[in-house]
Amino acid sequence: CPDWSHGPGRPSPRGPMLRRSALALLSAVLPLTTLTVAPTAAADSTIDVGLEGFRDIVVAQSHDRVFISQGTDEVVVTDLAGTRTDVLQGLTGAWGMTLAEDEGTLFVAMHGGEAIGVVDTETLAVGTIGTGAGTCPMHLATTAQMVWFADSCDTGTVREGTIGALDPVEGTVHPDLAEVYAKAIAASPARPGELFVGTRTSLLSLTALGGESPSLTQRLEHSVHGGTVDVAVTPDGSQVVTNGGSGRALALATGDFTPAASYAFSRGTSVNSLATRADGMLAFGTHAGGVYVVPPGGEEPMRFYDFSRAPSYSVAFGATSMYVVAGHDPELHVITPRRASKLTVKRTQRKVDHGAEATVRVRLDGGETSREVQVYAQPAGEPAVLVATGEVPVDGWFVARHRITRTTTFLATYAGDDSYDTATGKTHPVGARADLRTKMLRPSGMAGRQHLYRVNKRAVLRATLLPRGLDRCIVL
């Protein structure tokens, strides 16, 4: 820093050089800790469970089991966390699956075995019931005390098929009750005696009667652009959901098939799988490699889970978690869907005096069971430290204050809860004004507040500039 004692632009070789010094000052008034962001309560996980292919996935929540068929002779079994625990064997060409209403029995369509597998979900004991020569069961659904199976052995462009029924108590099979090639079938305890069938051109509602002489009678039909790929019934039975062409899905009132809701996704996105949760949450798997999640009663997606453009083959729900099989080499993804949350973090001043308090306000959009946030201060060139923790009032602000001695950025974190995801936010930097303190040293005497020095003797001025490390000149 040049000496301007003889005026700007005229440095003096003999003028006094002023030395800068710094005084240490404690900057934190609250306990210090390392910056850490708490993980989501139920973290997403991706597990390689050794799949050789994929056909269907079913969750038996009450038995802590997830079943995944592959089109082979084996069905992979995992626990609800996605850890592989068992393999069911002898289920030739295992395809579609469905559970009994009490989840005590799993039924498996054996597309290559002319049979339906019957699995005890507690002991994992496996049995089979033949469906007759020349049958190739593909999709299953249970209603009216019967297991209904969509059957087709065709592999050509124009496929033919039928729907038959199995009495799981008597072990009797009733094939060819309806001549229709079904791409998907679904039923719900909330709509007893009704079978929903997706075809190449439409969605059908069939009245299903069980007993010794089961039957299927068409009740309703709704045309579906591009054909039905999958079908799901809402838990209350009021709506049936299916794909609705490129980038769309739709819900129809089960009573008369009038439109009840419409769901729009990215242009060109094709829905290839559907699932509903007990609370009404919907999930839509897509060919583009992602799953859209729609909250109960809503139509706009609240979340999109991206699987890097690898196909998401199917999606299923447990009580809270969502299970997705996706990838060119299929893997199991376990997700607890949460709404997005947002933190707004604002400073109240651009600058404060050195050592003064800076005030920060935090607002949280989201949070139901927890609204606690943590606020950190990060001085320039230093690690962040925790300065405050507290609950954000609903429709209000959490306020934190912290003394700063240099430019500081404030950060806030929200750990999420069962319904809302984690969030972070930060302020623009808050500056600290320099504190310049001066003192005349070793005068010959004093005249009031004036320091006196003898003629031709050097006057000494000590200047202290805070905070430490400021790269600035002091000009007298």
Within the 4.5 Å heavy-atom criterion, are V66 and L80 side-chain neighbours or not?
yes

Disulfide bond (SG atoms under 2.5 Å apart) pairs touching residues 85-152, sequence neighbours excluded, are C136-C153

So, for T143 and A208, which heavy atoms are closest and what is the spacing to 0.1 Å?
CG2-CB, 4.1 Å

Would you please classify the geometry between the Y263 ring and the F284 ring as parallel, tilted or perpendicular, with 30° and 60° separating the classes?
tilted

Taking the side chain as every heavy atom from C-beta outward, state whether Y305 and P337 have any pair of such atoms under 4.5 Å apart.
yes

Pair K183-R200, side-chain contact (heavy atoms from CB on, under 4.5 Å): steps then yes or no:
CA-CA 7 Å; K183 300 178 70 175; R200 287 186 293 260; 4.2 Å; yes

Residue pair V126 / V118, side-chain heavy-atom distance below 4.5 Å:
no

Would a line drawn from the ring center of H333 to the ring center of F307 be shorter than 6.0 Å?
yes

In Å, rounded to the nearest 0.5 Å, how long is the span from CG of L204 to CD1 of I185?
12.0 Å

Output, in order, the C-alpha distance, side-chain angles, deciding distance and verdict of side-chain contact (heavy atoms from CB on, under 4.5 Å) for E194 and R219.
CA-CA 9 Å; E194 188 167 15; R219 187 176 71 89; 2.6 Å; yes

Between T135 and D151, do the side chains contain an N or O donor and an N or O acceptor separated by less than 3.5 Å?
no

Can you label the angle between the H139 ring and the W95 ring as parallel, tilted or perpendicular, going by 30° and 60°?
perpendicular

Quick one, F317 and V59 - any side-chain contact, counting heavy atoms below 4.5 Å?
no

For a quick test of your reading: what N or O donor-acceptor pairs under 3.5 Å do the side chains of residues 229-240 make, sequence neighbours left out?
unit_1, atom_1, unit_2, atom_2, d
D230, OD2, L274, N, 2.9
T234, OG1, D236, OD1, 2.9
T234, OG1, Q239, N, 3.1
T234, OG1, Q239, O, 3.2
D236, OD1, S238, N, 3.0
D236, OD1, S238, OG, 2.8
D236, OD2, S238, OG, 3.1

So how far is it from I47 CD1 to S45 OG, rounded to the nearest 0.5 Å?
3.5 Å

Do the side-chain N and O atoms of E52 and T72 include a donor-acceptor pair separated by under 3.5 angstrom?
no

Search all heavy atoms of E114 against all heavy atoms of P137 and return the closest pair with its distance.
CA-CD, 4.4 Å

Does some side-chain heavy atom of R65 sit less than 4.5 Å from a side-chain heavy atom of T78?
no

Could you give me the CA-CA distance, side-chain angles and deciding distance for Y414 and Y420, then say whether side-chain contact (heavy atoms from CB on, under 4.5 Å) is met?
CA-CA 10 Å; Y414 170 61; Y420 283 85; 4.2 Å; yes

Do the non-hydrogen side-chain atoms of L177 and W148 ever get within less than 4.5 Å of each other?
yes

With a 3.5 Å distance limit and no angle check, can you tell me whether N243 reaches the backbone of V271 through a side-chain donor-acceptor pair?
no

Would you give me the side-chain donor-acceptor pairs under 3.5 Å for residues 342-350, sequence neighbours excluded?
unit_1, atom_1, unit_2, atom_2, d
R347, NH1, P429, O, 2.5
T348, OG1, T359, O, 3.2

Here the pair of heavy atoms bringing F398 nearest to P393 is N-CD, 4.1 Å

May I ask you to test the E372-T389 pair for a side-chain heavy-atom distance under 4.5 Å?
yes

Where is the tightest heavy-atom contact between H111 and M138, given as atom of each residue plus distance?
CD2-CG, 3.3 Å

Hey, does E382 have a side-chain heavy atom less than 4.5 Å from the side chain of R406?
yes

What I want to check is whether the side chains of Y376 and Q378 have a donor and an acceptor closer together than 3.5 Å.
no

